[in-house]
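Below is one structure, written out as structure tokens; the observations come after it.
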Amino acid sequence: MRRTETEEPLPIGKEAASGGRSPVSAKTEKRNDLVIRLLSAAVLIPFALLVVWAGGWPLAVGAAVFAVVMGYEWSAMAQLKHRWRLMSALALANLTVPLVGVLAGFLVLTAAAIALFASAHRKGWIVAFGVAYAGGMPLALQALRMGPWDGQSAALILMGIVWASDSAAYFAGRGFGGPSLSPDSPNKTWSGAVGAVFCCILCGLIAAGLLKGSLAAWMVTGAAISIIAQGGDLLESSIKRRFGVKDASDFVPGHGGVMDRVDGLGAVCVIGGLIFAVSPGLVLFLGL
């Protein structure tokens, strides 16, 4: 039987290669995605800067809100039945800090993780890790802000460098492309990772000038912050793949969930706070 006109195979051109979208529509989609990301950042970044600058109760309340949202996202991803208990424990741990200190907050978080682990049966480890993950990052930010150094400068500068790392990775990856950084994160590229590190080295030089700290120490710190932030991002990506989801939620337009937005910063706060605590000499070199 002869093939009719409608049965002729379509040529594989630019539109077919782009999944049925024309190059113009693909560029428009990327532009719209960037606009949405920028608008979301324009709301979240000033709020985060304000509560960290203020410290005390404003930061504790902000940290509790972020922890509760992340607890909700974790519960939804893992399909947990202990959602409200988990979220309440995260809020309590972060709100404890202004009253009796950071250590008490971590003790509350640890007790909650143990209690929920014991009551969650087969999903005990998932619940306990969710408590530590969703609650530990905001607590670490509070610990960094309240540490025996210039906590306000330390927290604000580390936040700024993490955001610079995220932005540089996004634009360098889009601009240069190349191989993926991880199978769990096909959109993250080596070019983006390298661009982010170089950007953060420059940010370290700016921080050194502002704080009158060591140029070499801040260059290394800037690079380390970018590497740690990207490692936190990759960890969260692997967790999402474990649960078979693309984003933790859709609470933050253009970014996914709150957990997707703060994973790198949380990792930097946890590791950075520990390093500062055991290396007072580094704190002095950095001018903090």
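All heavy atoms count here, side chains included; hydrogens, waters and symmetry mates do not. What you are looking at is a predicted structure, and each value in this text was computed from that prediction instead of being measured.
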Where do Leu286 and Leu211 land on the side chain to side chain contact (heavy atoms under 4.5 Å, CB included) test, with the steps shown first? CA-CA 7 Å; Leu286 295 177; Leu211 297 173; 5.7 Å; no
What's the spacing between Asp263 CG and Gln230 CD if we round to 0.5 Å? 11.0 Å
Distance-only, no hydrogens or angles: does the Trp218 side chain make a donor-acceptor pair with backbone N or O of Ile201 under 3.5 Å? no
Is a side-chain donor or acceptor of Arg145 paired with a backbone partner of Val52 at a separation under 3.5 angstrom? yes
With clusters defined by side-chain heavy atoms of hydrophobic residues (ILVMFWY) lying less than 4.5 Å apart, directly or transitively, does Phe198 cluster with Ile228? no
Between OG on residue Ser180 and CH2 on residue Trp190, distance to nearest 0.5 Å: 11.0 Å
Thr189 side chain to Gly192 main-chain N or O, any donor-acceptor pair under 3.5 Å? yes
Would you say Phe285 and Val220 make side-chain contact, with heavy atoms under 4.5 Å? no
For the rings on Phe129 and Trp74, is their centre-to-centre separation under 6.0 Å? yes
I need the minimum non-hydrogen distance between Val131 and Ala112, along with the two atoms involved. CG1-CB, 4.4 Å
Test side chain to side chain contact (heavy atoms under 4.5 Å, CB included) on Ile239 and Tyr133 and set out the steps. CA-CA 11 Å; Ile239 290 172; Tyr133 188 76; 4.3 Å; yes
In terms of heavy-atom contacts, does CH2 of Trp84 have more than 12 from other residues, nucleotides or ligands at under 6.0 Å? no
Nearest 0.5 Å, please: how far is CH2 in Trp149 from CG in Leu144? 6.5 Å
Please test Val61 against Asn94 for side chain to side chain contact (heavy atoms under 4.5 Å, CB included), starting from the C-alpha separation and ending with a verdict. CA-CA 8 Å; Val61 172; Asn94 279 277; over 6 Å; no
So do Phe117 and Ile126 actually touch side chain to side chain, heavy atoms under 4.5 Å? no
Here the gap from Ile225 atom CD1 to Ile157 atom CD1, rounded to the nearest 0.5 Å, amounts to 9.0 Å
Would a distance-only check, ignoring hydrogens and angles, find a side-chain to backbone donor-acceptor pair under 3.5 Å from Glu73 to Met259? yes
Under a 3.5 Å distance rule, please check whether Gln152 uses its side chain to pair with a backbone N or O of Trp53 as donor and acceptor. yes
Is it the case that more than 12 heavy atoms not belonging to Tyr72 sit under 6.0 Å from its OH atom? no
Mind checking whether Leu156 and Leu50 sit in one hydrophobic cluster, side chains of I, L, V, M, F, W, Y counted as touching below 4.5 Å? no
Looking at every heavy atom in both Ala196 and Ala168, which two are closest together, and how far apart are they? CA-CB, 3.7 Å
With clusters defined by side-chain heavy atoms of hydrophobic residues (ILVMFWY) lying less than 4.5 Å apart, directly or transitively, does Val108 cluster with Met146? no
I need the minimum non-hydrogen distance between Cys203 and Ala164, along with the two atoms involved. SG-CB, 3.6 Å
Closest approach of Trp57 and Pro98, non-hydrogen atoms and distance? CE2-CB, 3.7 Å
Check: Ile161 main-chain N/O paired with Ser165 side-chain donor or acceptor under 3.5 Å: no
Ignoring hydrogens and geometry, is there a side-chain-to-backbone donor-acceptor pair from Ser238 to Leu235 under 3.5 Å? yes
Any sub-3.5 Å donor-acceptor pair from Asp260's side-chain atoms to Ala248's backbone N or O? yes
Exercise: identify the closest heavy-atom pair between Leu215 and Ala208: CD2-CB, 3.6 Å
Just so I know, are the side chains of Arg242 and Met77 near enough to count as touching, which here means a heavy-atom distance under 4.5 Å? no
Is there a chain of hydrophobic side chains (I, L, V, M, F, W, Y, each step under 4.5 Å between heavy atoms) that links Met219 to Leu210? no
Check for a donor-acceptor pair, side chain of Lys240 on one end and backbone N or O of Val245 on the other, with a separation under 3.5 Å. no
Minimum heavy-atom distance Val162-Val268, with the two atoms named: CG2-CG2, 3.7 Å
Measure the CG-NZ distance between Asp233 and Lys188 for me, rounded to the nearest 0.5 Å. 4.0 Å
For the residue pair Leu92 and Leu109, establish whether any side-chain heavy-atom pair is separated by less than 4.5 Å. no
Can you check whether Gly177's main-chain N or O pairs, donor with acceptor, with Ser191's side chain at less than 3.5 Å? yes
Spacing of Gln142 atom CD and Cys269 atom SG [to the nearest 0.5 Å]: 10.5 Å
Are Ile271 and Val102 connected in a single hydrophobic cluster, I mean Ile/Leu/Val/Met/Phe/Trp/Tyr linked by side-chain heavy atoms less than 4.5 Å apart? yes
Chi angles and distances behind the side chain to side chain contact (heavy atoms under 4.5 Å, CB included) call for Met70, Leu90: CA-CA 9 Å; Met70 288 191 288; Leu90 298 180; 5.8 Å; no
